[in-house]
Every structure is written in structure tokens, then in C-alpha cells.
Amino acid sequence: MKPPIRIAVTGAAGQIGYSLLFRIAAGDMLGNDQPVFLQLLDIPRLLPSLKGVMMELEDCAFPLLAGVIATDDPNTAFRDISIAMLVGARPRGKGMERKDLLEANGAIFTTQGRALDEVARRDVKVLIVGNPANTNAYIAMKNAPGLKPENFSAMMRLDHNRALSQIAAKVGQPVSSIRKVIIWGNHSATQYPDLNHAETDGNKISLLINDPAWIEDYFIPTVQKRGAVVIEARGSSSAASAANAAINHVRDWVLGTRENDWISMGIPSDGSYGIPEGVIYGYPVTCRDGVYRIVPDLEISEFSQAKMQATYGELVEERDSVKHLLG
Ligand SMILES: NC(=O)C1=CN([C@@H]2O[C@H](COP(=O)(O)OP(=O)(O)OC[C@H]3O[C@@H](n4cnc5c(N)ncnc54)[C@H](O)[C@@H]3O)[C@@H](O)[C@H]2O)C=CC1
Ligand SMILES: O=C([O-])CC(=O)C(=O)O
């Protein structure tokens, strides 16, 4: 048996938490030979409810679940962890944009960035889910100077999965056959879902579809606005699909992406594709041996370039509005 990996999940008493914890404990994230130790964080008022979740985890008798703790102290939750899934934050309601949450949520990530810096393993992989995810990830990263910037990521994977499903339905092919989709930029309505490089069984999706109006007027806005449409329908924001995306993100980062494909991750920009350093930006990446690498040398059309710069502009605005939180 491998030694257990310690994983922190924040907002563990929330709706994403309820979909996430059981799948991690079942082995969906790190594999069915990898024991896990869960370190759950929520606010003091939610600890009684979190106790109930812990009872349910216990009642599943998961063979891979080596232990669980629950706490309201980030320094306890993050001690010796290899993976941090920072979900805990307020969700938006109907009619709000995700950046409207910056004021309520931004400060959470200063405290948690500092705690990661103090007590997490130096190779900790951090995924920020709480919105606005990219700028919250930037805040956490800036408050953890002792950790490498490449340890921090924001979730673009739900957008990526939404794009895969829309394309699969359009071309009438199984979702598993769709490869090389990209979500550039911010996890917000300015994100740029790009299918110019996408393929199914080696065929270019854009040629198969051969309908620029469908791409511009249906595909791109549908993916951009899907979160809001789910909120309208459900009355609360996506939870099971968000938990699924978080599992996909961490699994691929740790265990590697599949051959001849890539995923979208929000990561520190490094100048690639004309995006200057200083934001957490959605890029296409491949992962191997626990390390991600931006897919190089993609041809970018003028249309794409403009969309990529627009979503970058929004990230700069968000960053400038939280200067006081950047450590
Ligand atoms: N990046 C993405 O693709 C997605 C992000 N989200 C975001 O994920 C976040 C969580 O969503 P839900 O689980 O639906 O919300 P929820 O309201 O059901 O749960 C949030 C939990 O976080 C806890 N929390 C609040 N402040 C905390 C703190 N300082 N430390 C630890 N826990 C704290 C709350 O007490 C609550 O239990 C929201 O910000 C939402 O917008 C949701 C879907 C997709
Ligand atoms: O839309 C929201 O507020 C929740 C979210 O991030 C998503 O579903 O993509």
C-alpha cells in the first residue's frame, strides 16, 4: 500500500464539497491504489454540518480513506498537504458576475495563501475553485512567497468540459473523441473558448462544422455563459459538474494528460501567446510527472488574438482592484 496523500478541501460543508469529497475518497482523483487523508476546512458556523459529512464519509467505509479531520483553522487544514482544493468562498446569485464576488471572497485567499506558505509541503499543488477563481488564485500566490508560482492554478476545466460536450453534440461524435479544445483567459464571461485546433479522430472540428456563425453566435457564448444559465435553472450554481471538473484538473496534473491531447488550466502567465506575466490565465497545457507545460507554437488568428487580449484586460482590471490584498 502507498502512503496516504494529504489533501485539503476548503468550503467542505458547501455544495461542491458534498459532491467532491466522496469521489476523492473513492479514488476517482488519484487512482484506486492511492490512499488519501482528507483535511477539511470550513467556517466555525458550519463545523456541526461538516461533522455530519464526516459521519457519511465514515459510513461509506472507503478502503482508500486513511483519515479525515475537520477544522476552522487554515494552518491545521493545510499542514503537510500535497494538494489544496480551495473551494470555500461565496457563490454568485442570479444577475451577478463572478467578479462581483471579489470584495466578499478576495480576503479569504490572503489568509489561505499565507497559511499554505507556512505549513503546506513545498511541492503542494493548489487548485482555486472559489470565484473569481483566477484572481483569487493570484491573491493566494502573491501571499505565499515561499512557494513556487507554478504550484498555483485556477479552474478552467469546467469550461473546457462544457466546450467538449457542446462540440461532441454538434458533430455527433463521442465526447472522448474530441481533443485539443482550449479555454483561454479568465473563468468569466470574457473567457475565449477556442476550437480552431480541436480534432475528432484526426479531423479538424472547424472544417467538419464549417459554420463560423455557429461558432461565433452559439458555441462561444453558450460556453461563456453556461454558469449563469445553470444558476437561472437550478437557483444555485453548478456543483456536481464543478466537483467533477476539479477532480479532472487535479487528476491530470498529478497523473498526466492523455496522449495527443491537452487540457485548459489557469496558470501564471509567462509571456506566452502575448499575455504578459502578472495574471492567472487559462492556457492549453500538457502534464507529465506532476508538471504542466504550456502547449507551444499554436497558430493564433486575428479573431482569436483579439478575444485573448480582451479576457486578459479583464484580469488586469480585477488584479488592479485587489492591489491591497497582494501581500
Ligand atoms: N471555478 C469554477 O469553475 C467554479 C467555481 N465555483 C465557485 O466555488 C465556490 C463554492 O461554491 P459552492 O460550493 O456552490 O458554495 P456553497 O456556498 O455551497 O459553499 C461554500 C462553502 O465555503 C465555506 N466558506 C466560506 N468562507 C470560507 C473560508 N474563509 N474558509 C473556508 N470555508 C469557507 C462556506 O461556509 C460554505 O460551506 C463559489 O465561489 C462558486 O462561485 C462554482 C462552480 C464552478
Ligand atoms: O457561474 C458561477 O458562478 C459558478 C461557476 O463558476 C460556473 O458554473 O462556471
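Residue numbers count from 1 along this sequence. Every number for a ligand or one of its atoms is a count from 1 in the order of the listing.
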- [ ] Return the protein residues near ligand 1 (heavy atom under 4.0 Å from any of its atoms), ordered by chain and residue number.
- [x] Gly11, Ala13, Gly14, Gln15, Ile16, Leu41, Asp42, Ile43, Leu46, Val87, Gly88, Ala89, Arg90, Pro91, Ile108, Gln112, Val129, Gly130, Asn131, Ala133, Met155, Leu158, His187, Ser237, Ser238, Ala242
Please tabulate, one line per pair, the protein nitrogen or oxygen atoms found under 3.5 angstrom from a nitrogen or oxygen of ligand 2, with distances to 0.1 Å, or say none if there are no such pairs.
residue, atom, partner, partner atom, Å
ligand 2, 1 (O), Arg92, NE, 3.2
ligand 2, 1 (O), Arg92, NH2, 2.8
ligand 2, 1 (O), Arg98, NE, 3.3
ligand 2, 1 (O), Arg98, NH2, 3.0
ligand 2, 3 (O), Arg92, NE, 2.5
ligand 2, 6 (O), Arg98, NE, 2.8
ligand 2, 6 (O), Asn131, ND2, 2.8
ligand 2, 6 (O), His187, NE2, 2.6
ligand 2, 8 (O), Arg162, NH2, 2.7
ligand 2, 8 (O), Ser238, OG, 3.3
ligand 2, 9 (O), Arg98, NH2, 2.9
ligand 2, 9 (O), Arg162, NH1, 2.9
ligand 2, 9 (O), Arg162, NH2, 3.4
ligand 2, 9 (O), His187, NE2, 3.2

TODO: Identify whether Ile294 and Val181 are in the same connected component of the hydrophobic contact network (ILVMFWY, side-chain heavy atoms under 4.5 Å).
DONE: yes
Task: From Met1 atom CE to Asp33 atom CG, the distance as rounded to the nearest 0.5 Å - done: 8.0 Å
Do [Y] and [X] meet the salt-bridge criterion of a basic N to acidic O distance under 4.0 Å?
| X | Y | answer |
| --- | --- | --- |
| Asp117 | Arg114 | no |
| Glu318 | Lys99 | no |
| Arg45 | Asp72 | no |
| Glu118 | Arg79 | no |

TODO: Tell me, with the steps shown, if Arg179 and Glu199 meet salt bridge (Lys or Arg N to Asp or Glu O under 4.0 Å).
DONE: CA-CA 5 Å; Arg179 292 168 184 269; Glu199 298 172 359; over 6 Å; no
- [ ] May I have the step-by-step check of side chain to side chain donor-acceptor pair (under 3.5 Å) for Thr71 and Asp73, ending in yes or no?
- [x] CA-CA 5 Å; Thr71 176; Asp73 171 21; 5.1 Å; no
Open item on the list: Just checking Tyr312 against Trp184, ring centres under 6.0 Å apart?
Closed with: no
